[in-house]
Amino acid sequence: MMIKDFIKEPNGSYILEKILNKDKTWIYLNDNLEVPKEALKILQKVKSGYPIEYIFEEVWFYGDRFYIKEGVLIPRDDTEVVVEKAIQLINEKCKVKSEECKVIDCCTGSGVIAIEIAKHSNAKVIATDISDMAIEACRKNIMLSEMKDKIYIVKGDLLKILEENSQKEKIEIEKLGFEIENGFIKADILVSNPPYVENFWQKPNEYEPDLAFYGGDDGLDIVKKLIIQAISLKYKAAVIEIGYNQKEKLSAFLKDKVKSFEFFEDLAGNVRGVEIIF
């Protein structure tokens, strides 16, 4: 296959840029050349449903490049509005502008939300996840982002530190200014893209982890658990990603439990998350 035909395929130009180590201009100026066999194999793998992000171990989010690998949820562009809402809440509504705001990014996955919050606000961030693969990816991204002085990743079940964690990790958490109460991390603001997909929904591919997608029969089991924990720990506010069809059920749950809440939409006009003031 010639380059001029290959670049008509979805992700064709991107695959060639990676394989040939050339920019898009060079590829278009040399479109009469034969496509390398390696590129053809990758294209077939992508067409079979394997995420291209896993092949090249990179994903772009909020304008930055991040490391990703199979077994860790791939960040989606739609989640960028959650980051924007969180940054706005921290910088405008948290009322701690004179000091560093303490933020928890729960179910952090590859850590992209935690890193962007640390880069674009005055926050110190603790990122938590129960998956060892996610923690490994997040830790690598923290190092690549040079945000290690503002972020710490810890293995946890939502806001609770797992008992297997060492005393050293608890010390690191407290060094960032966070308190631990009965094994739970206290902070000002909770941010999360938790598992919220209903159990009966089919995932977009078979390679991303079930653990990062499914949140019970109505998808809200983990969302509700997070909110209850945050209320108990006296968090000030939260920004949580949810499904497009969960507004009504979550509204009924939040009523009379919090001071206020407001749903927000993504660029496609679908409900994407909720901002809560406790």
Side-chain angles (χ1 to χ4, degrees), residues 53-54 57-62 64-76 79-80 82-83 86-87 90 100-195 208-209 211-213 222 225-226 229-230 233 235 238-241:
E53 294 88 351
Y54 289 159
E57 295 189 330
E58 72 171 15
V59 62
W60 288 86
F61 182 82
Y62 216 72
D64 292 321
R65 178 180 176 271
F66 292 95
Y67 167 76
I68 195 72
K69 68 173 187 173
E70 185 175 337
V72 181
L73 182 73
I74 299 168
R76 267 67 172 182
T79 299
E80 292 184 356
V82 177
V83 174
I87 293 170
I90 293 163
E100 290 173 325
C101 189
K102 295 182 285 293
V103 175
I104 294 287
D105 174 26
C106 191
C107 310
T108 191
S110 58
V112 298
I113 293 177
I115 290 167
E116 294 301 342
I117 287 173
K119 287 180 66 174
H120 298 285
S121 75
N122 67 336
K124 289 287 183 74
V125 186
I126 296 294
T128 73
D129 208 290
I130 201 167
S131 162
D132 290 328
M133 283 192 287
I135 289 170
E136 180 188 336
C138 179
R139 186 171 286 125
K140 185 169 183 176
N141 280 322
I142 291 171
M143 296 304 294
L144 291 171
S145 70
E146 299 182 348
M147 287 284 113
K148 61 184 178 66
D149 292 334
K150 295 186 69 178
I151 308 173
Y152 190 72
I153 173 70
V154 62
K155 187 172 185 178
D157 182 4
L158 303 184
L159 301 180
K160 183 176 177 60
I161 303 172
L162 293 181
E163 292 181 2
E164 63 194 71
N165 287 349
S166 67
Q167 186 65 26
K168 177 181 177 295
E169 287 186 309
K170 293 180 180 179
I171 292 171
E172 292 295 328
I173 291 171
E174 291 171 346
K175 276 171 61 177
L176 281 179
F178 292 78
E179 295 179 27
I180 300 172
E181 182 179 290
N182 298 322
F184 289 85
I185 305 171
K186 299 187 70 174
D188 297 308
I189 292 179
L190 164 67
V191 181
S192 184
N193 177 15
E208 291 181 275
L211 189 66
F213 274 94
I222 295 172
K225 188 175 180 180
L226 263 176
Q229 288 184 3
L233 292 165
Y235 277 56
V239 177
I240 303 174
E241 181 165 338

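Below, each value reflects all heavy atoms present in this structure, side chains not excepted, and no hydrogens, waters or symmetry copies. In this text the structure is predicted, and so the values were computed from the model without any measurement.
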One should read off an interatomic distance between Ile126 CD1 and Asp105 CG, to the nearest 0.5 angstrom, of 10.5 Å
CD1 of Ile90 to CD1 of Ile189, rounded to nearest 0.5 Å, is 5.0 Å
Looking at Glu208 and Ile74, would you say the former's side chain and the latter's main chain have a donor-acceptor pair under 3.5 Å?
yes
Check Pro195 against Leu211 and note the closest heavy-atom contact, atom names and distance.
CG-O, 3.1 Å
Which atom names give the shortest non-hydrogen contact between Ser131 and Ala134, and what distance separates them?
OG-N, 3.1 Å
Rounded at 0.5 Å granularity, tell me how far NZ in Lys124 sits from CD1 in Ile151.
11.0 Å
Is there a side-chain contact between Lys225 and Asp157, using heavy atoms and a 4.5 Å cut-off?
yes
Is the shortest side-chain heavy-atom distance between Gln229 and Tyr235 below 4.5 Å?
no
Kindly indicate whether the side chain of Cys138, heavy atoms from C-beta on, has any atom under 4.5 Å from the side chain of Asp129.
no
Atom pair NZ/OH of Lys119 and Tyr62 - distance to nearest 0.5 Å
10.0 Å
Identify which one of Glu53, Glu58, Glu136 satisfies the side-chain hydrogen bond (donor to acceptor under 3.5 Å, both in side chains) criterion when paired with Lys69.
Glu136
Check: Asn193 and Pro75 side chains under 4.5 Å, non-hydrogen atoms:
no
Just by modelled atom types, is the Val103 backbone N or O under 3.5 Å from a matching donor or acceptor in the Asp188 side chain?
no
To check you understand the geometry: which heavy-atom pair defines the closest contact between Phe61 and Glu116, and what is its length?
O-OE2, 3.6 Å
Do the non-hydrogen side-chain atoms of Thr108 and Ile113 ever get within less than 4.5 Å of each other?
no
dist Leu233:CG -> Ile180:CD1 (nearest 0.5 Å) comes out at 11.5 Å
Could you check whether any side-chain heavy atom of Ile161 comes within less than 4.5 Å of a side-chain heavy atom of Ile185, counting everything from C-beta outward?
yes
Ignoring hydrogens and angles, tell me if any N or O in the side chain of Thr128 forms a donor-acceptor pair with the backbone of Leu158 under 3.5 Å.
yes
Where do Tyr67 and Asn141 come nearest, in terms of heavy atoms and distance?
N-OD1, 2.7 Å
What heavy-atom pair brings Val72 and Ser110 nearest, and what distance separates the two atoms?
CG1-N, 3.8 Å
For a quick test of reading the model, state the closest non-hydrogen atom pair linking Phe213 to Arg76 and the distance between them.
CZ-NH2, 4.3 Å
Distance (rounded to the nearest 0.5 Å) between Ile115 CD1 and Ile153 CD1:
9.5 Å
Does any part of the side chain of Leu159, heavy atoms only, come nearer than 4.5 Å to the side chain of Leu190, both counted from C-beta?
yes
Donor-acceptor pair, distance only, cut-off 3.5 Å: does the side chain of Ser145 make one with the backbone of Ile142?
yes
